[in-house]
Amino acid sequence: MTYPFSAVLGMEDMRLALLLNAVSPAIGGVLVRGEKGTAKSTAVRALAALLPPVRRVAGCRFGCDPAEPDPACPDGPHPTAATAEIRPARLVELPVGAAEDRVVGSLDLEKALGEGVRAFEPGLLAAAHRGVLYVDEVNLLHDHLVDLLLDAAAMGRSHVEREGVSVSHAARFLLVGTMNPEEGELRPQLLDRFGLTVEVGASRDPEVRVEVVRRRLAADADPAGFAARWADADAEIAAQVAAARRRLSGVRLPDAALRQIAEVCAAFDVDGMRADIVTARTALAHAAWHGRDRVTIDDVRVAARLALPHRRRRDPFDTPGLDEKRLDEALQRAQEAHPDDPDDDGPNDDGPNDDGPNDSGPGGGGPNGRGGPQDHATSDGDPADQRGPGPAGPSAADGDAGPIDGPSGADDDARSADDRGGYAQHGGREAPDRGDDDPRRGRDGGADAQPVAVPRGGLTARLLTAPGVGDGVPGRRSRARTGRGRTTGARVPNGRVGALHLPATVRAAAPHQASRGRLTGPLRLRPDDVREAIREGREGNLVLFVVDASGSMGARQRMTAVKDAVLALLTDAYQRRDKVAVIAFRGADARTVLPATSSVLAASTRLTELPTGGRTPLAEGLLAAADLLRVERLRDPKRRPLVLVVTDGRATAGTRPLDRAAGAAAVLAATGAPCVVVDCETGPVRLNLARRLATQLNAPHHPLAALTHPAARDAGMPVAA
């Protein structure tokens, strides 16, 4: 039994973004970012029940509308008076591990090549047509699948092109993705393809948390009864979605509102024109949702808050968010620049047909102007004056909701730049070390954003690669056998065929044509004739940073240079779709500062808080790296590691520290993980201990300055000969 949409407590921004896309799917979908246990999946799964039912051609696997059937439908052509049937709008979930042919559909290659017919099995994109396509943990989806998904969402069609056989069908759906930023970010190019984005988090209000648990327990104890108690509220929201859809075509976008949209997008320095278009569509949907026949400044403000935060990022160290003070200033400038624009609607005028909710907050999401019935409930689902949390504190309805520590940026901001070694901060407040020409200056993510370290001076990293050819996940670093790339050979497939190798298939079938009775006509194929292409591309690696944070590295200028270099390497890891992990050693031991993750932003945040000083337990750092590699090899066996040991080679902790470090180096080398030693030794007198460590690890040795350069090129620096 699906949890009722109206019973989700709080989450005003998320509910509003979902409902506006339900009103106008042309907005382009929603990306919901947030910590675990915050009702992201619960709300999305409940959304489909609010959508109007769909009329389709009876028996059509692609959901064609009888009024406007797809002329290129693989099940067509459909007759003009085709029989229609009504079914509920679908919610289709795309698993993170789905194969490409499961997403777009697959061809029967034997029939296509042997009989020349298009035997096409629809995929998830066809099933989601005119419904909702939901991708949980979209940031973990392989890049090529995300590209296919977003292209279909933007074009409204899915195309399958394989070995000269082409199939195309309509694929218009409401795209919703959810993600936990701690597990990695989407590329900015992909973020831009989502129409709206919202941030969600668990409420810190105990009363709200108590109410969330009550509702969840009540739903688990009696799912049918709980759903029945909220059925009227859900039906009211569904009716309002249908009414807003009908009203949408009559909503007018005045020139004054267009100028406000343009002013806001220019003020936040977003790239391209998609932001302006999405903001305009969202403002129209918001006006329709509120029962207005024209867009007002309030509609533009809400639309900008939802459409722009993820489009103002320039690099992985930018925290998403929107400074609402700057937003209001931009809207004010637009009004002052064109005071005579014919727009009589005041900022709080709900306009005609004021049967929609008031814009009392960023959600404003429910009927009758109360922010939705989900804001009023007791533990058993009966209406009560139980207010939901505000925009800064949404809560969860998932069963795993629990206390979650939020960002503690205030403590970091309280520290002076000198305490941080003069290191630049980026996040809730303006970084003290940035110059006026820094492109990120002033593009803060709001008062609650967590500060992160950013590389200064425009440093970029030279390419480091693992030796040999791997079988890892697609990426952009080391050579690997992947599903995409140049074809290097053919093989007998093991299970479902990936990419067909047509010449090899024909060669395998050709000697048997006479014995199969073929004199003329199509080639006669059998399943054992099919050959699969072997392709070589690039893979993503696990880049493990083992950083010396001891007193020997603690001189402020030297540690700043080390952090700059590591951050440049982190940026490179983000661009090449790697996982990263950070181990720091100082004092008497080593600790894992950051477990393996795809979130470069999380790694840079941990570097900001990295303490320095004390003795140098080099052996402990190397042994901790070996332990982490053993664990990650079990978790992700196909992802090859790449270990960067950032040290000056000194070892001063414990007895016989250099001998113990040599033994630890042998343990790390025995894991087989390729390593590289980044030598941070400076000064006129050199001990060359880092070079000796590189010999013990059978690893190349590079001075720190050789790994980064303001104008570095991908010349390629192999980790092993």
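When reading the values below, keep in mind they use all heavy atoms of this one structure, side chains included, and skip hydrogens, waters and symmetry mates.
Contact between Leu306 and Asp13 at its shortest, heavy atoms only, is CD2-O, 4.3 Å. When all heavy atoms of Val264 and Leu327 are compared, the pair lying nearest together is CG1-CD1, 3.6 Å. Of all non-hydrogen atoms in Ala304 and Pro309, the two that sit nearest each other are O-CD, 3.8 Å. Considering every non-hydrogen atom in both Val300 and Val295, the closest pair reads CG2-CG1, 3.9 Å. The minimum heavy-atom distance between Ile27 and Leu20, with the atom names listed, is CD1-O, 3.5 Å. Minimum heavy-atom separation, Arg215 to Ala7: NH1-O, 2.8 Å.
Between Asn139 atom CG and Asn180 atom CG the span is 7.5 Å, to the nearest 0.5 Å. Rounding to the nearest 0.5 Å places CZ of Arg281 at 11.5 Å from CD1 of Ile261. Between Trp230 atom CH2 and Tyr3 atom OH the span is 7.5 Å, to the nearest 0.5 Å. Here the CG atom belonging to Leu18 is positioned 11.0 Å from the CE atom belonging to Met11, to the nearest 0.5 angstrom. In this structure, CG on Leu175 lies 6.0 Å from CG on Leu133, to the nearest 0.5 angstrom. Distance check: Phe268 CZ to Glu263 CD gives 11.0 Å after rounding to the nearest 0.5 Å.
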If you apply the rule side-chain contact (heavy atoms from CB on, under 4.5 Å), what do you find for Leu125 with Phe173, and how did you get there?
CA-CA 8 Å; Leu125 296 183; Phe173 46 80; 4.0 Å; yes
Take Arg33 and Lys40 through the test side-chain contact (heavy atoms from CB on, under 4.5 Å) and record every step on the way to the result.
CA-CA 8 Å; Arg33 299 164 43 93; Lys40 300 187 297 293; over 6 Å; no
Given Thr178 and Val200, is the side-chain contact (heavy atoms from CB on, under 4.5 Å) satisfied, shown in steps?
CA-CA 10 Å; Thr178 57; Val200 296; over 6 Å; no
Run the side-chain contact (heavy atoms from CB on, under 4.5 Å) test on Glu93 and Asp136 for me, step by step, so that the C-alpha distance in whole Å, both residues' side-chain angles and the decisive distance to 0.1 Å come before the verdict.
CA-CA 8 Å; Glu93 298 193 37; Asp136 192 15; 5.6 Å; no
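Contact check for Thr279 versus Cys265: side-chain heavy atoms found under the 4.5 Å cut-off. At least one side-chain heavy atom of Leu174 sits under 4.5 Å from a side-chain heavy atom of Leu47. Contact check for Pro95 versus Leu124: side-chain heavy atoms found under the 4.5 Å cut-off. Using a 4.5 Å cut-off on side-chain heavy atoms (C-beta onward), Leu141 and Leu94 make contact. Proximity of His286 to Leu16: side-chain heavy atoms (C-beta onward) are separated by under 4.5 Å at one or more points. For the pair Arg311/Val278, a side-chain contact is recorded, criterion being any heavy-atom separation below 4.5 Å from C-beta on. Phe5 is not listed as a side-chain neighbour of Thr42, based on a closest heavy-atom distance of 4.5 Å or more. Residues Val580 and Thr597 form a side-chain contact, since some pair of their non-hydrogen atoms from C-beta on lies under 4.5 Å apart.
Among residues at least two apart or in separate chains, salt bridge (Lys or Arg N to Asp or Glu O under 4.0 Å) pairs with a member in residues 125-135 are Asp65-Arg130.
For Arg56, the salt bridge (Lys or Arg N to Asp or Glu O under 4.0 Å) test picks out Glu85, with sequence neighbours left out. Applying the ring-ring contact (aromatic ring centres under 6.0 Å, His included) test to His169 and every residue at least two apart in sequence or in another chain returns Phe62.
A salt bridge links Arg214 with Glu211: at least one charged nitrogen is closer than 4.0 Å to a carboxylate oxygen. Salt bridge present: Asp328 and Arg301 bring a charged side-chain N and a carboxylate O closer than 4.0 Å.
Judged by distance alone, the side chain of Arg252 and the main-chain N or O of Arg294 form no donor-acceptor pair under 3.5 Å. Arg204 contributes a side-chain N or O that, together with a main-chain N or O of Ala202, makes up a donor-acceptor pair within less than 3.5 Å. Under a 3.5 Å cut-off, the side chain of Asn21 and the backbone N or O of Gly29 do form a donor-acceptor pair.
With hydrogens and angles left out, the side-chain atoms of Ser168 and Arg157 include a donor and acceptor closer than 3.5 Å.
Within a 6.0 Å sphere centred on CG of Asp151, heavy atoms belonging to other residues, nucleotides or ligands number more than 12.
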